[in-house]
Amino acid sequence: MKKLLYLLFLFLVIFAQEIRFQDVARELGINVPGGLGACSAFFDYNNDDYLDIIFNPGNRIYLFKNNFGLNFNDVTDSAGLNNYEFENLVVGDYNNDGYLDILGNSHGGDCYLFRNNGNGTFTEVASLVGLTTRGYRSLFLDYNRDGLLDVLIIGFPVSNLYRQDNNNTFQIVYTFLGGNTGVAFDYNNDFYSDIYIGRNGENKLYKNINGDTFIDVTTVAGVGNIGNTQGVVSGDFDNDGDLDLYLTNIGDALNALYVNQGNGTFINRTSFYGVGDVGDGRTCDIIDFNNDRLFDIFSTNHVYPNRLFRNMGYNAPFYNVAGLVNIAQPQDVFSASWGDFDNDGDLDAFLTGHFGSGYALMRNNGGNYFHYLKIKLIGTQSNWAGIGSRVYLFKNDTCQMMEISGGSGQDGHNSLIAHFGLGNNNSIDSLIVLWQSGERIRILSLGVDTMLKIFEPLPEIEEEIKLKKRKENLGIYDVIGKKINNLNKKGVYFILKENLIEKVVRR
């Protein structure tokens, strides 16, 4: 036992020397007044393949443009976002025009929807399109799979689900119990986004029935955590193909990790995995910060240091390495947005909260020791940002899965790019995309250490480094995305050629 503990200690010491987070905000040109930071998001507002940053350091919203990962410059005023202040936000392309829009809320106050005009400017249109409810947290989702993003505004005493109609306006179609926060995720793998609402008291899980109605399955599912929930995130931390839940509580209840059993129920495994924290929770995320193919858990607290729980394997407790990698501080973080802003292959974090100047850009130094693959989905039948769609990555006996989320944690939004750590693997066996429209594609034998843009319904692919379409003939595929050799059977097929997808029906 002593030898095992010594080896574990030695490993952690070596590990600590490999990865360090460093606040580089001011070094890279982000220097604005603040102190009571509230929200943040990494997103590529101008489609140049570099993640820009929108955030509130405590007094107003700022938008900083990323200059090829080298530095940032303040474009708030020219973008038309000056003199706005709100405390939480998410991003998504609500009108499917190819540019990411911004959805925000004040805490219990007004809703804001900023339409991206595609020329570097935004226009606030919430009232114009019918989003008039006040709330604490807003989420993007496509609950009825019609290719249009809908909006859930979580508030008190009720939460309202707005359906988007074909003319890009919204109307309330469902009302749920009120709450503080929540997440939309497909917990039962039926393609329909379900809704989990974190509350002061019993949380609620609403099952989506074919996009027609919702039913309360909290008791059956076993996720009625009774606490004061501030942040919720879903992710497949155990790589078993379904989404688990992690949530933060502030007050008497500890944080909780619910493991999805794949049969409509969850088991609370917080104690076994050692991720309960101290019951002082703010926000949380499930991410792979060290590219080892295992999703880790990040949680923040009010008066206690942050935790970065490193996943040590499916049947072992997590280990808190926040201090070792220099992300235990700053504390009292309300929003953590994760994304690879410098395109070096590891996840960085932008933090906002009640500390210092209210924000920090924590660059990940050393997290790209292992290989990675980033996937950006471009929907055509599904919503353009791919929210609600899933990416499955296969290598040897392991399947990693990510669902593109329309908002998680407390007040921010992670990058919409799926980031997979690959460990020592310099290739993958296959990749499957399950679009929320029902389209399915499979791509074989991909390289790594790059970002791929994958277009619906079949794989027109752009690569981060080359930034141009691949020219080779990609072959013949059936309707489920399986590559075939010929057209000698009846069915519907797609022939991929240079700059052309030809549909063939054999009767």
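These figures come from a predicted structure and were not determined experimentally. We count residues from 1, following the sequence as given.
With hydrogens and angles disregarded, no donor-acceptor distance shorter than 3.5 Å links the side chain of Arg20 to the backbone of Gly366. Remark: the backbone N or O of Ser408 is paired with a side-chain donor or acceptor of Arg137 at under 3.5 angstrom. Looking at Thr283, its side chain does come within 3.5 Å of a backbone N or O of Gln410 through a donor-acceptor pair. Asn306 contributes a side-chain N or O that, together with a main-chain N or O of Pro330, makes up a donor-acceptor pair within less than 3.5 Å. In this structure, Arg310 contributes its side chain and Asp296 its backbone to no donor-acceptor pair below 3.5 Å. Put simply, the side chain of Arg307 gets close to the backbone of Pro305: a donor and an acceptor are under 3.5 Å apart. Side-chain N or O atoms of Asn96 include one that pairs as donor or acceptor with a backbone N or O of Trp384 at under 3.5 Å. With Asn291 contributing its side chain and Gly367 its backbone, the two residues share a donor-acceptor pair below 3.5 Å. Judged purely by atom type and a 3.5 angstrom limit, Asp186 uses its side chain to pair as donor or acceptor with the backbone of Phe191. Side-chain N or O atoms of Asp52 include one that pairs as donor or acceptor with a backbone N or O of Asn66 at under 3.5 Å.
In this structure, Tyr187 and Phe266 have tilted ring planes: the angle between them lies in the 30° to 60° band. Classified by interplanar angle (parallel below 30°, tilted 30° to 60°, perpendicular above 60°), the ring pair Tyr359/Phe55 is tilted. Taking the six-membered ring for Trp and thresholds of 30 and 60 degrees, Phe114 and Tyr112 have nearly parallel ring planes, at less than 30 degrees apart. The aromatic rings of Tyr94 and Phe170 lie tilted to each other, with the angle between the two planes from 30° to 60°.
Note: Asp411 CG to Thr181 OG1 = 7.5 Å, rounded to the nearest 0.5 Å. To the nearest 0.5 Å, the span separating NZ on Lys376 from CD1 on Ile404 amounts to 11.0 Å. Between Gln22 atom CD and Asn364 atom CG the span is 11.0 Å, to the nearest 0.5 Å. Interatomic distance, Leu28 CG to Ile53 CD1, rounded to the nearest 0.5 Å: 8.5 Å.
With hydrogens and angles left out, the side-chain atoms of Ser299 and Thr248 include no donor and acceptor closer than 3.5 Å. Side-chain polar atoms of Asn117 and Thr123 form a donor-acceptor pair below 3.5 angstrom. Judged by distance alone, the side chains of Asn73 and Asn67 do bring a donor and an acceptor atom under 3.5 Å apart. With 3.5 Å as the limit, one finds a donor-acceptor pair spanning the side chains of Tyr258 and Asn225. Neither side chain, Ser389 nor Glu439, offers a donor N or O lying under 3.5 Å from an acceptor on the other. Under the 3.5 Å distance criterion, with hydrogens and angles disregarded, no donor-acceptor pair is assigned to the side chains of Asn239 and Arg293. Inspection of the Asp93 and Asn383 side chains reveals no N or O donor paired with an N or O acceptor under 3.5 Å.
Shown are Ile172, Ile153, Thr175, Leu141; of these, the side-chain contact (heavy atoms from CB on, under 4.5 Å) with Leu161 is made only by Leu141.
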*Can Tyr206 and Ile197 be said to form a side chain to side chain contact (heavy atoms under 4.5 Å, CB included), step by step?*
CA-CA 8 Å; Tyr206 296 98; Ile197 296 179; 4.1 Å; yes

*Going through the checks in order, is the side chain to side chain contact (heavy atoms under 4.5 Å, CB included) test met by Tyr273 and Phe237?*
CA-CA 11 Å; Tyr273 285 109; Phe237 84 93; 3.8 Å; yes

*Go through the steps for Val303 and Asp332 under the test side chain to side chain contact (heavy atoms under 4.5 Å, CB included), then give the verdict.*
CA-CA 6 Å; Val303 298; Asp332 204 7; over 6 Å; no

*For the pair Val233 and Val183, evaluate side chain to side chain contact (heavy atoms under 4.5 Å, CB included) and give the outcome as yes or no after the intermediate values.*
CA-CA 6 Å; Val233 63; Val183 65; over 6 Å; no

*Might you work through the ring pair (Phe, Tyr, Trp, His ring centres under 6.0 Å) test for Phe289 and Phe298, ending with a clear yes or no?*
CA-CA 9 Å; Phe289 79 97; Phe298 180 70; 9.5 Å; no

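In terms of heavy atoms, Asp150 sits closest to Tyr162 at CB-O, 3.1 Å. Pairing each heavy atom of Cys39 with each of Ile61, the nearest pair is SG-CD1, 4.1 Å. Closest non-hydrogen pair, Phe42 versus Gly339, comes out as CD1-N, 3.5 Å. Among all heavy-atom pairs drawn from Leu351 and Ala336, the shortest one is CD2-CB, 3.6 Å. Of all the heavy atoms in Gly412 and Ser335, the pair that sits closest is CA-OG, 3.4 Å. Of all non-hydrogen atoms in Glu456 and Ser382, the two that sit nearest each other are OE1-N, 2.7 Å.
The neighbour count for Lys204 NZ, taken as heavy atoms of other residues, nucleotides or ligands under 6.0 Å away, is above 12. Shown here is Asn119, whose CG atom has more than 12 heavy atoms of other residues, nucleotides or ligands within 6.0 Å. Residue Tyr392 qualifies as enclosed at atom OH: its count of foreign heavy atoms under 6.0 Å is above 12. Taking a 6.0 Å sphere around CZ of Phe176, one finds it holds more than 12 heavy atoms contributed by other residues, nucleotides or ligands. Heavy-atom contacts from other residues, nucleotides or ligands closer than 6.0 Å to CG of Asn210 number more than 12.
Ser357 has its side chain out of reach of Asn31: every pair of non-hydrogen atoms, C-beta onward, lies at least 4.5 Å apart.
Ion pair Arg115/Asp97 not flagged as a salt bridge, since none of the NZ, NE, NH1 or NH2 atoms sits closer than 4.0 Å to an Asp/Glu carboxylate oxygen. Here Arg60 pairs with Asp77 in a salt bridge; the nearest charged N to carboxylate O distance falls below 4.0 Å. A salt bridge does not link Asp244 with Arg269: every distance from a Lys NZ or Arg NE/NH1/NH2 to an Asp or Glu carboxylate oxygen is 4.0 Å or more.
Aromatic ring centroids of Phe72 and Phe341 lie under 6.0 Å apart.
Tyr192 carries Arg145 over the face of its six-membered ring, with the cationic atom under 6.0 Å from the centre and within 45° of the normal.
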